[in-house]
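These notes are about the structure you will find just below.
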Amino acid sequence: MDTDSSDLFGPLLDKPVAAVVPVLVPLPVPGPYSYAVPEGLTVVPGSVVQVPVGPRQMIGVVWDGADDSTLDPKKLRPITLAFDCPPLSKEMRDFVDWVSAYTLSPPGFVARMAIRAPAALDPEPMVEGLRFVGGEPARLTPARTRVLDLAKEQEAPWTRSGLAHAAGVSLSVVDGLIKQGVFDTIFLPPPPVVARPDPDYTAPRIEGPQKGAAEEIVASVSAGGFAASLIDGVTGSGKTEVYFEAIAQALRQDKQVLILLPEIALTSSFLDRFEQRFGAKPAEWHSDLSPRIREKVWRGVVTGEVRVVAGARSALFLPFEDLGLIVIDEEHDPAYKQEDRVFYNARDMAVVRARIGDFPIVLVSATPSVESQVNGLSGRYTTVHLPTRFGDAALPDLHLVDMRRHPPERGGFLSPILLRGMKKALERGEQSLLFLNRRGYAPLTLCRVCGHRFQCPQCSSWLVEHRFRNQIQCHQCGYHEHTPEACPECGTFDHLVACGPGVERIAEEVEKHFPEARTIVMSSDLLGGVKRLRMELDAIAKGDVDIVIGTQLVAKGHNFPLMTLVGIVDADLGLSNGDPRAAERTFQLLSQVTGRAGRTGLKSHGLIQTFQPQHPVMQAIVSGDAGAFYEREIAEREKAILPPFGRLASLIVSADTRADAETHARGLRAAAPRVTGISVLGPAEAPLALVRGRHRFRLLVHGRRNSDMQAFLKAMMSAGPKVRGTVQIQLDIDPQSFL
DNA sequence: AGCACGCCGACT
DNA sequence: GTCGGCGTGCTC
């Protein structure tokens with residue numbers, strides 16, 4: 001780019017003195033800012049730089065395109081410095097632009113997700129190493145002899161502390177030898193974070209239907225180019241082994257691989273399985289990595305030293321040097337949705353990344369999302385079915401318990417049938433799992449005298465009693481107080497009554513029936529954090545517990561060999577919470593929970609307590625045939641999204657209180673009169689994700705086509721002064737729009 | 001996003 | 001009379 005100064009100096013300076021480049025900065029602005037490139041600094045699109053913004057310095061990325069700023073080029077501030085790291089590739093930049101446009105989020109925010117390891121932007125310093133030069137020190141002591149023996153034994157360079165430690169001597173002994181010239185110091189590249197996985201470390205453990213499936217997927221990896229496959233296999237059918245073969249193939253072709261997992265599934269057992277197959281662990285990427293490891297992994301990914309990353313959704317934005325395959329395990333899992341700052345579903349954005357990078361992607365689930373199912377049926381994804389369990393594991397025998405015909409005793413929630421099943425399991429020394437997706441003791445407390453209901457003062461949803469902690473809590477905003485002894489309305493003592501069950505209340509009922517059994521409640525309330533959780537899970541796996549009562553925390557990842565009975569306490573819970581995905585989510589959750597049983601060959605059962613035994617979800621669960629269920633869900637989704645408002649979107653408006661939501665909805669109706677599908681939900685009815693956190697209101701937007709959605713949202717936002725403020729939008733779109 | 005500036009209620 | 005609440009505007 002030319003400037004005035006080059007004309008001024010004419011032949012004296014035939015190279016441009018300065019240039020102006022667009023730089024994406026992490027601000028909520030619609031495009032890049034312009035900066036001057038100081039003399040002597042070379043930047044290209046993708047370069048990671050530091051720039052002044054107001055009084056502060058920020059990390060930004062030099063972006064594509066001519067600078068279209070109307071500002072006076074002489075007044076532009078200069079780039080402070082350029083980091084010594086590879087620039088973001090064109091593919092990565094295209095991906096950032098695409099995600100920004102699709103999610104209606106500022107491009108600088110999206111770009112920031114790719115460079116979220118600031119200290120890693122400059123190369124790691126070389127580490128000091130010791131090289132054995134030879135010769136002997138003037139005086140040979142026993143300690144010095146030990147060091148020398150070791151050094152002669154192993155040629156490879158040592159570190160100072162490593163050598164001292166291995167020889168069992170103090171650092172001063174080694175330092176003495178360095179002084180004597182027996183060792184000299186050299187600089188070595190830092191050791192890699194993880195070893196290189198070997199695609200042929202062990203032979204694949206696949207047989208029967210797995211074999212054909214693996215061949216199909218491996219073929220699409222060999223062929224290269226974009227292709228999306230959906231592996232649809234029941235729990236325990238060997239899905240992991242099948243996609244491991246796709247990974248092996250990508251590694252043989254010298255490509256990097258990304259495995260996305262829902263946060264919670266990033267367990268040591270997955271990493272161990274990977275190591276058994278490939279001889280090395282994958283690099284991990286998730287929110288609670290230490291900064292040190294985080295930098296090393298980021299650097300390794302950028303330079304290509306790290307070949308495989310297993311990570312949570314944020315790993316999708318890692319700037320791989322040469323990514324050649326993405327695997328998305330538990331494809332249906334809602335944890336792939338990010339619902340702050342940039343709203344995105346990592347599963348959908350991963351498909352886009354594969355498309356832009358022109359490489360294959362594999363989606364994996366026992367209970368695919370309706371969107372993926374549609375894409376499979378329409379042929380956009382190649383579906384691979386794995387209908388049977390691997391080896392000797394049999395699927396549990398599932399039965400519905402009609403609660404109208406088999407009511408629990410007064411004040412209880414467990415049917416006689418379920419209690420009988422638990423008793424038998426206990427007698428055989430086997431374990432039972434009772435699943436209820438509700439924390440605490442009771443979801444609602446009321447006063448029997450005046451009818452007062454305990455409501456959150458901040459957000460108007462019911463306060464949930466937690467008896468273990470002697471608190472009543474709001475599950476929406478985190479408000480809590482001591483459980484009161486008297487009604488705050490009428491002052492009456494001892495007439496507060498708990499309504500409905502939570503896991504704590506179920507535990508009470510279990511203890512009444514089986515006082516001798518070893519019982520544990522597993523929920524996110526469990527004190528002691530992740531460490532305690534892991535300990536308890538190990539204890540359960542070892543058989544130290546007879547009865548587990550758990551929320552969805554127990555649905556994932558862990559195998560309990562002695563678990564032969566799964567009881568769903570209230571299968572209908574969650575079917576009527578206002579979420580258009582309620583049925584789908586319930587089906588997925590119940591499949592996952594019942595799948596916990598019978599994974600080691602013991603005969604196992606599932607008892608599903610329901611008031612709606614004819615409901616399609618219940619029928620799909622017990623029959624094991626989800627076909628009809630999906631067909632109905634797809635039809636319902638079409639109905640919900642399309643008519644009666646044609647191609648315009650439908651909106652769900654929610655806020656901290658129902659009254660607030662209604663006020664905002666009025667504003668939205670005025671601004672967008674053509675949208676007839678505005679539904680208003682209070683915090684108690686809305687999907688949890690929709691109302692969590694402090695905000696004025698939040699929209700859940702459903703639409704058929706992304707372009708329509710964008711046009712609609714922009715029109716709506718600019719239409720009326722009544723819809724200004726912190727509008728948070730969750731796009732919820734059929735992914736066919738980007739394929 | 002952060003940060004400064006600016007205008008109305010309960011307080012040393 | 002002030003301290004401080006958060007509404008509004010700006011950053012190349």
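The figures here come from the full heavy-atom set of this structure, side chains too, leaving out hydrogens, waters and symmetry mates. We name chains A, B, ... by the order of the sequence lines, and we start the count at 1 in each one.
Within a 6.0 Å sphere centred on CZ of A:Arg292, other residues, nucleotides and ligands contribute 12 heavy atoms or fewer.
Just one residue in the list A:His480, A:His466, A:His482 forms a side-chain hydrogen bond (donor to acceptor under 3.5 Å, both in side chains) with A:Gln471, and that residue is A:His480.
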So which protein N/O to nucleotides 10-12 of chain C N/O distances come out below 3.5 Å?
{"unit_1": "C:dT11", "atom_1": "O3'", "unit_2": "A:Gly54", "atom_2": "N", "d": "3.0"}
{"unit_1": "C:dC12", "atom_1": "OP1", "unit_2": "A:Pro52", "atom_2": "O", "d": "3.2"}
{"unit_1": "C:dC12", "atom_1": "OP1", "unit_2": "A:Gly54", "atom_2": "N", "d": "3.2"}
{"unit_1": "C:dC12", "atom_1": "OP2", "unit_2": "A:Arg77", "atom_2": "NH1", "d": "3.0"}
{"unit_1": "C:dC12", "atom_1": "O3'", "unit_2": "A:Ser34", "atom_2": "O", "d": "2.9"}
{"unit_1": "C:dC12", "atom_1": "O3'", "unit_2": "A:Arg77", "atom_2": "N", "d": "3.3"}
{"unit_1": "C:dC12", "atom_1": "O2", "unit_2": "A:Ser34", "atom_2": "N", "d": "2.5"}

| field | A:Ser372/A:Arg347 under side chain to side chain contact (heavy atoms under 4.5 Å, CB included): CA gap, chis, key distance, verdict | value | CA-CA 10 Å; A:Ser372 296; A:Arg347 179 243 295 153; 4.1 Å; yes

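Nucleotide B:dC3 holds its P atom 9 Å from the CE atom of A:Met58, rounded to whole Å.
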Give the table of side-chain donor-acceptor pairs shorter than 3.5 Å for residues 308-319 of chain A, with sequence neighbours excluded, one pair per line with atom names and distance.
{"unit_1": "A:Arg313", "atom_1": "NH1", "unit_2": "A:Ala335", "atom_2": "O", "d": "2.8"}
{"unit_1": "A:Arg313", "atom_1": "NH1", "unit_2": "A:Lys337", "atom_2": "O", "d": "3.2"}
{"unit_1": "A:Ser314", "atom_1": "OG", "unit_2": "A:Trp285", "atom_2": "NE1", "d": "3.3"}

Under 3.5 Å, which donor-acceptor pairs link side chains of residues 43-58 of chain A to any protein atom two or more places apart or in another chain?
{"unit_1": "A:Ser47", "atom_1": "OG", "unit_2": "A:Val44", "atom_2": "N", "d": "3.0"}
{"unit_1": "A:Ser47", "atom_1": "OG", "unit_2": "A:Val44", "atom_2": "O", "d": "2.9"}
{"unit_1": "A:Gln57", "atom_1": "OE1", "unit_2": "A:Thr80", "atom_2": "OG1", "d": "2.6"}

